[in-house]
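Given the structure is predicted, the values throughout are model-derived calculations rather than measurements. Convention: sequence-line order gives letters A, B, ...; per-chain numbering from 1.
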Amino acid sequence: MAVTSSSFAFEHNLSCLQKGSKEVEQLKQIHARMLKSGLLQDPYAITKFLSFCLSSTSSSYYALHVFQGFDRPDTFLWNLMIRGFSCSDQPQRSLLLYYRMLCSSAPHNAYTFPFLLKACSNLSALEETKQIHAHVTKFGYGDDVYAVNSLINSYAVTGNFNLAHLLFDRIKEPDVVSWNSLIKGYAKSGNMDIALTLFRRMPEKKNAISWTTMISGYVQAGMNKEALQLFHEMQNSDVEPDNVSLANALSACAQLGALQQGKWIHSYVNQRRIIIDSVLACVLIDMYAKCGEMEEALAVFKNVNRKPVQVWTALISGYAYHGHGREAISKFLDMQRMGIKPNAITFTAVLTACSYTGLVEEGKSVFYTMEREYNLKPTIEHCGCMVDLLGRAGLLDEAKRFIQKMPLKPNAVIWGALLKACQIHKNIELGEEIGEVLITMDPYHGGRYVHMANIHAMGKKWDKAAETRRLMKEQGVAKVPGCSTISLEGTTHEFLAGDRSHAEIEEIRNKWRTVRRKLEENGYVPELEDTLLHLVDDEEREAIVHQHSEKLAITYGLMKTKPGTTIRIMKNLRVCKDCHRVTKLISKIYKRDIVMRDRTRFHHFRDGKCSCGDYW
DNA sequence: TTAGGGTTAG
């Protein structure tokens with residue numbers, strides 16, 4: 001086969017090809033040229049071409065189309081296709097290809113099963129795994145370490161631990177992959193205790209994947225402190241963290257708002273000259289954004305070479321929860337100009353940005369482009385954003401009409417968004433109506449009762465408010481206690497509402513009295529309307545208003561940092577209205593920037609104003 | 001050939 005010159009030209013064409021909207025068009029042209037020049041007979045060129053197509057979602061169907069054109073594909077090509085789809089968004093294609101392969105003249109080989117089982121584990125498909133298990137035995141691969149480990153993995157990730165252990169126990173000497181597969185199963189299902197026990201027990205030397213499996217398990221279980229602890233332990237071991245380990249550790253930092261540790265990891269990446277691939281870029285951007293550093297997030301974004309849709313989305317999301325609606329929209333337009341197709345998550349991010357900033361018309365137009373220009377069907381999440389957008393802006397009737405007209409059945413999140421809007425805009429009648437619906441839908445969600453009781457209280461219906469509170473107690477649902485944290489010199493100080501456990505609580509309470517006096521001199525009167533304060537006596541009321549966790553944390557920040565230093569607070573719930581007002585005043589009186597990360601977004605306080613424009 | 005990774009609403 002004379003392939004030399006045309007083969008090189010072909011490889012050059014592939015390497016120049018830009019991923020994005022025009023990709024399939026360009027691949028078609030290359031394919032046509034291959035056909036003409038006879039390259040389609042060259043196994044090397046075919047492999048290159050198909051692998052390239054399979055590496056991206058938008059062109060994988062084109063690979064299938066080309067593959068179907070072959071008269072008698074050999075085992076290698078079948079395997080290539082099965083592997084290509086196993087990690088795509090359509091792993092069931094791998095199984096379909098396998099069944100077709102069985103009917104063809106090409107025999108499978110030792111490589112076929114691991115690829116196929118990868119597809120099964122991505123599909124979480126138990127029945128298919130069992131079927132393939134039968135084939136593995138039947139065709140004599142029952143002792144092949146790759147096939148067995150892949151089976152352990154598939155059983156473990158589908159939660160069939162008995163079957164996984166059965167295979168695991170039969171292996172004379174399980175290798176590190178066998179252990180990692182088993183541990184991954186427990187980690188994925190949230191059984192971190194069992195995963196840790198196995199992890200500690202494994203006699204095999206742990207590798208980076210073993211560590212990362214545990215760290216990512218903790219992150220996915222929301223146990224971010226444990227994740228970082230294990231990451232530190234990993235650094236003291238003799239295994240170097242790689243880009244995947246670091247990406248997971250960064251996710252933990254993002255969730256915890258642990259800026260110092262996140263920065264440290266970033267400098268580690270730079271020092272070790274670890275390549276910032278698109279995944280690492282995503283988590284770095286997310287970490288900086290969630291730690292309040294949008295400039296840093298933007299710097300990472302600018303420095304990364306390849307920017308797939310996820311990287312743009314990470315940045316746009318960052319702008320969203322910082323309330324930078326215009327910037328979010330501008331990046332959204334930029335990415336489209338670059339030929340990058342937004343995905344469902346991008347749209348959620350842009351709509352959130354519009355909703356947090358009150359960009360009603362822009363949000364509506366983005367919502368309608370979704371289906372019209374990108375053929376993406378709005379999901380319940382997108383509808384939730386729309387209800388939020390309209391509701392926050394006070395367009396309650398329009399929000400209600402939107403819910404009635406939307407093609408999906410409204411869930412608790414949708415009604416919750418409207419309820420919140422009723423509370424903001426003091427629409428008691430509609431609020432009560434929706435509150436009833438929500439409590440029936442979601443009887444064990446504490447927040448529903450709290451909203452409902454607050455709406456009753458707003459209408460001065462004290463009996464009803466008390467009744468809702470009683471109902472909540474009766475159902476045994478507890479309100480999540482408010483908790484704020486402040487990080488000072490690497491130590492995180494945690495405050496709960498009314499908490500007296502802090503070592504310096506007396507000093508903090510004294511300082512708060514001074515702060516409060518200054519606030520009152522500046523016209524501050526506690527705002528009570530959105531809490532149930534009318535139901536309690538004076539002393540309790542005092543305790544509730546003046547011991548909110550964010551007030552304690554800010555007071556501590558004022559005590560412990562030099563004048564002029566920015567105070568950074570994190571809160572697990574939404575910041576309360578009274579605390580928001582107090583924080584604005586403190587930023588002015590004490591000339592401090594205060595950055596507060598609440599459950600859903602950031603508030604940057606400066607000189608008596610908040611970046612959210614009181615729109616939250 | 002087998003094991004670990006990404007952005008979202010409330």
Side-chain angles (χ1 to χ4, degrees), chain A residues 79-80 82-83 86 109-118 121 141 144-154 156-157 174-185 187-188 204 207-217 219-220 241-251 254 277-287 289-290 308-318 320-321 342-353 355-356 379-389 411-420 442 445 447-448 451 574 599-601:
Chain A
N79 284 347
L80 185 75
I82 292 172
R83 175 166 59 170
S86 68
N109 62 16
Y111 293 77
T112 315
F113 293 112
F115 296 155
L116 204 48
L117 287 162
K118 177 107 190 165
S121 65
Y141 292 98
D144 180 85
V145 61
Y146 294 106
V148 175
N149 280 342
S150 305
L151 277 167
I152 292 173
N153 181 55
S154 297
V157 301
D175 64 7
V176 62
V177 181
S178 326
W179 281 97
N180 287 349
S181 302
L182 202 57
I183 292 171
K184 162 73 183 175
K188 197 189 162 198
E204 203 66 38
N207 62 14
I209 296 181
S210 324
W211 287 98
T212 310
T213 304
M214 287 300 297
I215 295 170
S216 96
V219 171
Q220 271 150 34
D242 62 11
N243 56 340
V244 185
S245 329
L246 296 165
N248 276 286
L250 281 166
S251 294
D277 61 16
S278 60
V279 176
L280 209 42
C282 262
V283 283
L284 273 170
I285 291 168
D286 189 47
M287 183 278 291
K290 288 206 172 113
V309 56
Q310 291 89 339
V311 174
W312 288 89
T313 307
L315 187 74
I316 293 172
S317 306
Y321 37 74
N343 64 19
I345 300 172
T346 321
F347 277 100
T348 310
V350 181
L351 290 173
T352 308
S355 144
Y356 283 3
T379 64
I380 196 87
E381 285 82 6
H382 300 111
C383 295
C385 292
M386 285 307 285
V387 174
D388 207 42
L389 174 82
N411 61 7
V413 176
I414 301 280
W415 292 118
L418 190 57
L419 180 64
K420 200 176 68 197
D442 225 358
H445 188 302
R448 309 295 182 215
H451 273 302
R574 263 162 54 89
R599 202 166 73 88
T600 55
R601 60 166 300 160

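Using a 4.0 Å heavy-atom criterion, one finds that Ile152(A) contacts no nucleic acid atom at all. Residue contacts shown for Ser210(A) are absent, as no nucleic acid heavy atom lies under 4.0 Å away. Using a 4.0 Å heavy-atom cutoff across all strands shown, Ser245(A) reaches at least one base atom of the nucleic acid. Ala417(A) comes within contact range of no nucleotide atom at all, as no heavy-atom separation falls under 4.0 Å. Among the heavy atoms of the strands lying under 4.0 Å from Tyr321(A) are primed sugar atoms or P, OP1, OP2 only; no base atom is included. Nucleic acid contact for Lys188(A): none, since no nucleic acid atom lies under 4.0 Å from a heavy atom of the residue. If you check every strand for non-hydrogen atoms under 4.0 Å, Asp175(A) touches nothing. Residue contacts shown for Asn79(A) are absent, as no nucleic acid heavy atom lies under 4.0 Å away. If you check every strand for non-hydrogen atoms under 4.0 Å, Asn207(A) touches a base. Counting any heavy atom pair closer than 4.0 Å across all strands shown, Asn243(A) reaches a base atom. At a threshold of 4.0 angstrom between heavy atoms, the contacts of Val311(A) include nucleobase atoms, whether or not backbone atoms are also involved.
The two atoms that bring Ala349(A) and Ala320(A) nearest to each other are O-CB, 3.6 Å, heavy atoms only.
No donor-acceptor contact under 3.5 angstrom links the side chains of Ser150(A) and Asn153(A), judged on distance only.
Asn149(A) is listed as a side-chain neighbour of Asp175(A), based on a closest heavy-atom distance under 4.5 Å.
The side chain to side chain contact (heavy atoms under 4.5 Å, CB included) search around Val413(A) returns Asn411(A), not counting sequence neighbours. Partners of Ser154(A) under the side chain to side chain contact (heavy atoms under 4.5 Å, CB included) rule, at least two apart in sequence or in another chain, are Leu117(A), Cys120(A), Ser121(A), Thr129(A).
Remark: side-chain polar atoms of Ser355(A) are not paired, donor with acceptor, to backbone N or O of Leu351(A) under 3.5 angstrom.
To the nearest 0.5 Å, atom CE of residue Met214(A) and atom OG of residue Ser245(A) are 13.5 Å apart.
For DNA chain B, the contact window with chain A, defined by any atom under 4.0 Å from a protein heavy atom, covers dT1(B) to dG10(B) in 5' to 3' order.
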